[in-house]
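Have a look at the structure below, then the notes.
Every heavy atom of this structure was used, including side-chain atoms; hydrogens, water molecules and symmetry mates were not. It should be emphasised that the depicted structure is a prediction, and the values quoted were computed from it without experimental measurement. Convention: sequence-line order gives letters A, B, ...; per-chain numbering from 1.
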Amino acid sequence: MCTNIHESVPAAGAAKGGAGWFPVSVANVGFDHAVGSRFDHALLIDFADPARGPSARVAVELDLETGRALMATLASVIEAAESSGAPV
Amino acid sequence: MWNSLRTDAQGAIVAGVTSYRGGDDDLIHAYVARPEGPGPYPGVVLAHHIPGWDELYREMARRLADHGYTVIVPDLYCRDGHGEPDDVAAAARAAGAPFDDMVVADLAAARDWLRAQPTSNGKVGIMGSCSGGRHAVLVASRAHGFDAVVDLWGGGVVMPPEDATPGRPVAPIDYTADLDAPLLGLFGDTDRSPSPEQVDLHEAELRKHGKTYEFHRYADAGHGFFYYHRSAYRADSAMDGWAKIFDFFSRNLGG
């Protein structure tokens with residue numbers, strides 16, 4: 001099915017794709033038809049820089065269980081990072 | 001009909017990329033496959049699916065061309081840039097593209113491009129799967145002038161109000177009274193968009209307005225059951241579906 005579930009969030013960082021590192025300006029998160037994974041539908045997460053064209057993206061497709069685990073892990077690591085006092 | 005070719009036939013096709021003027025007079029990138037020869041041949045506009053203007057759609061174009069149709073596959077995402085199909089589809093998804101008004105303009109212009117070909121027999125159909133099925137129903141209802149429409153499991157033809165967006169403000173089912181071409185619909189019973197209940201609603205609306213249509217539903221199938229590269233593939237249903245498409249186009253477009 002076509003879900004059309006999609007949200008975007010501004011991002012600051014960099015991602016490494018086939019052509020090396022590039023700045024990331026947006027993270028796109030969706031749940032729709034999978035392309036590269038075995039799932040019918042998947043969490044579609046792209047780290048992208050639209051100014052560099054459609055190919056400037058690092059894409060992953062995950063199942064929902066992995067997405068939830070990733071959220072918890074991100075929260076845990078962010079909490080530890082903030083506690084460490086190390087600057088970004 | 002599948003595999004009905006003659007082994008001693010000289011049939012050949014020509015295929016490649018071209019461009020034509022679409023919505024806003026933009027140059028629209030498109031794939032064309034056509035039988036080699038003077039014709040006359042009927043035409044088919046192929047409206048690609050959400051995963052993009054991809055290899056699958058090029059293959060579908062060549063299959064139809066092998067069966068005597070001139071086919072154009074407009075790249076509905078070409079305004080979002082170029083790259084590998086999944087990258088361009090991701091860019092379009094992030095941009096909320098394509099908007100319905102632009103899709104209607106691009107596909108209607110593709111219909112006119114086909115009719116203007118010297119080999120045309122004057123008949124043009126439209127077919128699409130997934131979002132392309134929705135787009136096929138949408139353009140045939142809003143732009144008129146198609147001779148046959150094939151909707152392959154188009155999601156969002158029936159659309160609850162909360163799913164409306166600035167780019168997709170109206171559900172195609174709301175234009176049913178304006179549909180002026182016979183419609184073939186193929187659906188899988190385990191699909192959730194369109195769900196069997198949504199297909200029922202669409203069918204009821206077509207009946208209410210006295211439209212010519214035929215819907216076929218496959219019990220073993222879900223969304224995308226023609227896609228041999230995905231686990232959704234259902235060989236028997238897909239082959240039956242292709243037979244129905246060729247029969248439908250033959251009756252309504254010639255060829």
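Among B:G96, B:A94, B:A95, B:G154, the residue making the largest number of heavy-atom pairs under 4.5 Å with chain A is B:A94. Across B:A89, B:S131, B:A90, the residue that shares the most heavy-atom pairs under 4.5 angstrom with chain A is B:A90.
Summarising the geometry, atom SG belonging to B:C130 is positioned 7.0 Å from atom CG belonging to A:D32; distances are rounded to the nearest 0.5 Å. Note that CG of B:D86 and CD of A:E61 are 8.0 Å apart. Values are rounded to the nearest 0.5 Å. Rounded to the nearest 0.5 angstrom, B:D163 CG and A:N4 CG are separated by 8.0 Å.
Proximity to chain A is limited to the backbone of B:D80, based on heavy atoms less than 4.5 angstrom apart. When heavy atoms are compared at a cutoff of 4.5 Å, A:A56 does not approach chain B at all.
Counting all heavy atoms, side chain and backbone alike, B:G83 lies closest to A:S55 at CA-OG, 3.8 Å.
Partners of B:R192 by side chain to side chain donor-acceptor pair (under 3.5 Å), not counting sequence neighbours: none found.
Counting only residues at least two apart or in different chains, salt bridge (Lys or Arg N to Asp or Glu O under 4.0 Å) contacts with residues 87-100 of chain B comprise A:D46-B:R93, A:R57-B:D87, B:D100-B:R134.
Around the CD atom of B:E197, the shell of radius 6.0 Å holds more than 12 heavy atoms that belong to other residues, nucleotides or ligands. Around the OH atom of B:Y31, the shell of radius 6.0 Å holds more than 12 heavy atoms that belong to other residues, nucleotides or ligands.
Inspection of non-hydrogen atoms places no residue of residues 66-88 of chain A under 4.5 Å from chain B. Scanning residues 213-231 of chain B against chain A with a 4.5 Å non-hydrogen threshold yields B:H223, B:R230, B:S231, sorted by number.
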